[in-house]
Amino acid sequence: MSNEKTPKTIKRFNKGFIVAHWVNAIAFFTLYISALPMYTEFFDWLYVVFGGPAGARLVHRIAAVAFMLPLFIMIIFDFKGFKNWMKNIFSWKKHDLMFFPQFLREFFGLKAKVPKQDFFNAGEKINSWLMIVTTLMLISSGLVMWFPAFFPSAVLWWAYPIHNIGLGLAVAVAVGHIYMSLVTARPSMRGITKGDVTEEYAKDHHGRWYDELQEEKQQRKQA
Amino acid sequence: MADYIKFVDVTKCDGCRACMVACKNWNDLPAQPEEFTGSIQSHNTLTANTWNVITYDEQVTANGNFEWLFRHKSCHHCGEAFCEKACPETAISHTKFGSVVVDADKCVGCGYCVNNCQFGVIQLATYVDDKGKEYRKAQKCDLCTGRLEEGLRPACVTSCHTNCLVYDEKEKVLAEAEKRLAKIKERFPNANIYNPPGIKGTTTVYLLADKPTVYGLPEDPKVALSQIVWKDYAQPLGKMMLGATTMAVIGAAISTAINKGKGEHEGGQDHE
């Protein structure tokens, strides 16, 4: 009886992918908080939390190292997942482009008909790209600022605005990403924590992926 | 009040270093002995506790003789100061005297200004507080702004015995500088007045005996595009964007809540 009530689940992410995601998230948040008092005077009280500007700088650098790890964690521990992610974000088809107008309607609570999506839907693909670009901006300029002695002054001078712009974009991306996961697609959280999602969620949100899985199942049965 | 500037006529300098001593004395800066490196110049360059240095550049003259080029090296107090633009804490500002000063209370010792100064002037000093914890503050020449407020001249200027250092009305000083330049052109054909227009001039103006690059100065410093992008666009836009993103999220949440209330949604689960 209780078996009937437990929804069937499908494996979505491996441990490597999940760990990489959360290392990235925690490092990003720590970097953001430790830089905030420098970004705006309104948050100057955060210096006290870190035991002074020197403390904030130390925390920022430790988190910076953690921020550089996720790519390697993913490649080493879940290369299959990494490859799937790469394949997905480079694939742009009609159903991806059709996603956006429908998504906008839905985002503001209107009725919408979203076309069937891949393992990563078009929104997640955009999120991935923005994240990759801003992360590269932040890491490359951050390294220049950390080790100024190794770079010519023209490169050094550009590092500061790039770090600044990268932060602004990255925060916008992160806010959107978190809002979407918490408010509009709550069941997806299970995918990035436990690693699996309900069959219903997979069908509703990643139709093409779900269909592929069903097809594979059929083929296995026939074989 | 007429604009005043500090004027340094390096061709009048005899390298006595009285300005260095006067600066240390007035600003209560600790002595910083350095190793002998083969030059008669006392210190390699400016540090957070050495706000001016007389540089001794050795040169061979046209007729094969040897000569020293002296220069009282210190903060230029740029009209458009890179350090001021770089500071994320708005701890660096211009005073009514045209001097660029650091507010020690606001400074967090991040060092952005150090990396952005084109002249290598501003540096970080390390201090230890009552609890033995180290902290850093940016330090440099402040043109003795405290003295200016009391109607005095900068300490270095008062100590100069050759009138190489002058503090006076801008118009008057610059007019005299032109006359002096015409006079020394014969001996120093490359002589020039160093008051770079690309950074809207400086409050410490030099009469140099040779090209700026001979003294290790940029020939024609300009406000860098990176600085304009950063300070005039990225920072205000960034702050606005954080606000806009927050508003969009809040707006979407409210809108979703209202529409959901109408019961238009089936299943209770959205597509993301």
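Other residues, nucleotides and ligands place no more than 12 heavy atoms under 6.0 Å from the CE atom of A:M98. A 6.0 Å sphere centred on NZ of B:K200 holds no more than 12 heavy atoms belonging to other residues, nucleotides or ligands. By the 6.0 Å contact criterion, OH on B:Y233 is open, its count of non-hydrogen atoms from other residues, nucleotides or ligands being 12 or less. More than 12 non-hydrogen atoms from other residues, nucleotides or ligands lie less than 6.0 angstrom from OH of B:Y127. Other residues, nucleotides and ligands contribute more than 12 heavy atoms inside 6.0 Å of the CD atom of B:E34. Within a 6.0 Å radius of NZ in B:K137, other residues, nucleotides and ligands contribute more than 12 heavy atoms.
Shortest non-hydrogen contact noted between A:I165 and B:A234 is CG1-CB, 3.5 Å. In plain terms, the two heavy atoms of B:S226 and A:P161 that are nearest each other are O-CG, 3.5 Å.
To the nearest 0.5 Å, atoms CG (A:L156) and OH (B:Y112) are separated by 10.5 Å. A distance of 8.5 Å separates SG of B:C87 from CE of A:M38, quoted to the nearest 0.5 Å.
Of the residues listed (B:N115, B:V229, B:N116, B:L225), the one engaging A:W157 in a side-chain contact (heavy atoms from CB on, under 4.5 Å) is B:N116, and it is the only one.
In terms of modelled atom types and a separation under 3.5 Å, the side chain of A:R57 and the main chain of B:G109 share a donor-acceptor contact. Judged by distance alone, the side chain of B:K133 and the main-chain N or O of A:G52 form no donor-acceptor pair under 3.5 Å.
Heavy atoms closer than 4.5 Å to chain B are found nowhere in A:I162, neither backbone nor side chain.
Here B:R136 is the residue among B:K231, B:R136, B:Q227 with the most heavy-atom pairs under 4.5 Å with chain A.
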